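All values reported here derive from a predicted model rather than from experimental measurement. Start at 1 with the first residue, then count along the sequence. When a ligand or atom number is given, it counts from 1 through the structure's own listing order.
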Amino acid sequence: MTAIIEINHLKKNFGENEVLKDINVSVEKGEVLTIIGSSGSGKSTLLRCINLLEKPTSGEIVYQGENVLQKGYNLPKYRTHLGMVFQSFNLFNNMDVLENCMSGQITVLKRSREEAKKIAFENLEKVGMSRFVSAKPAQLSGGQKQRVAIARSLSMNPDVMLFDEPTSALDPEMVGEVLKTMKDLAQTGLTMVIVTHEMQFARDVSDRVIFMDKGVIAEEGTPEDLFVNPKEDRTKAFLSRVL
Ligand code: ADP
Ligand code: MG
């Protein structure tokens, strides 16, 4: 296995509040790693530390053999290798679907409009949204917006895609289409780290599942390990609440 990202002894404090306590985990190339756990256990903070939307208090994030937290490291470059999909879509409402998927490619990756358009189309095709290229976000349903957000992120050709509860803000009838899109992506060999409350989905799609509790990784294993034979009492207690 090849680790794309290796996290060593990661800590994050907000003032006195220790939100992440000595997190050690690696993300392997091509794997789907799912993070589950109660609200407030630190799942979003971990994702936000991985892509440096939050600055870790201490520890290492090793990418391509180098600690990205060392002085002088090219952080903007590192960030372009990670895609992030949020609960709340974060599309540009003044741009149509196609422009949403092109703008980062042009401004950040310096691709030509022509190339950016081609890549945007390919990715909109993957998420089943290529018929909507001229639509504005306001004309789309939540599920469609989220699929565009996924296509926009994919268009940057990230090494790793991070998803923070991508279906939590959706009406129930739209959850399925987004989960289906993510399942399809998982099968293409994309490396994905997914925070989710959708336990059946986590069980179906994950290579590895992490259960977080109060800022630590309380248990880690295959979906079978976690969902069928959990070892830790706190994992069992969590699952009995959510399943
Ligand atoms: P989860 O995603 O598992 O629900 P979070 O990572 O959002 O958990 O939050 C973990 C803890 O960190 C919570 O106690 C939360 O209040 C705290 N926290 C998160 N972000 C901030 C912030 N920007 N400032 C202060 N505290 C925060
Ligand atoms: Mg969260």
Inset, instruction - For side-chain contact (heavy atoms from CB on, under 4.5 Å), just list the numbers for Glu220 and Leu226, CA-CA rounded to whole Å, side-chain angles, deciding distance to a tenth of an Å, and then say yes or no. - result: CA-CA 7 Å; Glu220 178 182 341; Leu226 267 276; 5.5 Å; no
Legend entry - Evaluation steps, salt bridge (Lys or Arg N to Asp or Glu O under 4.0 Å), between Glu122 and Lys118: CA-CA 6 Å; Glu122 285 168 9; Lys118 180 171 161 283; 3.3 Å; yes
Legend entry - side-chain contact (heavy atoms from CB on, under 4.5 Å) between Asp207 and Thr222, worked out: CA-CA 6 Å; Asp207 295 300; Thr222 64; over 6 Å; no
Inset, instruction - Take Asp22 and Val216 through the side-chain contact (heavy atoms from CB on, under 4.5 Å) test and state the conclusion after the steps. - result: CA-CA 7 Å; Asp22 198 29; Val216 302; over 6 Å; no
Legend entry - side-chain contact (heavy atoms from CB on, under 4.5 Å) between Ile5 and Leu82, worked out: CA-CA 10 Å; Ile5 296 175; Leu82 305 182; 3.7 Å; yes
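For atom 15 (C) of ligand 1, the closest non-hydrogen atom of the protein is Asn17 ND2, 4.9 Å. Ranking the protein heavy atoms by distance from atom 12 (O) of ligand 1 puts Val19 CG2, 3.1 Å first. The protein heavy-atom contact nearest to atom 6 (O) of ligand 1 is Thr45 OG1, 2.5 Å. Closest to atom 8 (O) of ligand 1 among all protein heavy atoms lies Gly42 N, 3.3 Å. In terms of protein heavy-atom proximity, atom 23 (N) of ligand 1 is closest to Phe14 CE2, 3.5 Å. Ranking protein heavy atoms by distance to atom 7 (O) of ligand 1, first place goes to Ser44 CB, 3.7 Å.
Closest heavy-atom approach to atom 3 (O) of ligand 1 among the candidates Glu54, Lys12, Glu165, Lys43: Lys43.
Under a 4.0 angstrom heavy-atom cut-off, Gly215 registers as lying outside contact with ligand 1. For the ligand labelled ligand 1, residue Gly40 lies inside the 4.0 Å heavy-atom shell.
Side-chain contact between Gln146 and Thr181 is absent, with no heavy atoms from C-beta onward closer than 4.5 Å.
Among pairs with a residue in residues 190-221, those fulfilling ring pair (Phe, Tyr, Trp, His ring centres under 6.0 Å) read Phe211-Phe238, at least two apart in sequence or across chains.
The two residues Asn13 and Glu18 come nearest to each other via the heavy atoms OD1-CG, 3.4 Å.
The tally of protein N/O/S atoms under 2.8 Å from the Mg ion (ligand 2) stands at 1.
Salt-bridge formation is detected for the pair Asp213/Arg234: a Lys NZ or Arg NE/NH1/NH2 atom is positioned less than 4.0 Å from an Asp or Glu carboxylate oxygen.
Less than 4.0 angstrom separates some heavy atom of Ser38 from each of these atoms of ligand 1: 3 (O). Taking every non-hydrogen atom of Ser39 and a distance limit under 4.0 Å, the qualifying atoms of ligand 1 come out as 4 (O).
The side-chain contact (heavy atoms from CB on, under 4.5 Å) test applied to Lys12 returns Phe14, Leu20, Thr45, Cys49, Glu54, Thr57, not counting sequence neighbours. For Ala186, the side-chain contact (heavy atoms from CB on, under 4.5 Å) partners at least two apart in sequence or on another chain are Val32, Met192, Val205.
Looking only at distances, a side-chain donor or acceptor of Asn100 sits under 3.5 Å from a matching main-chain atom of Phe92.
Residue contacts with ligand 1, taken as heavy atom pairs separated by less than 4.0 Å, do not involve Val195 at all.
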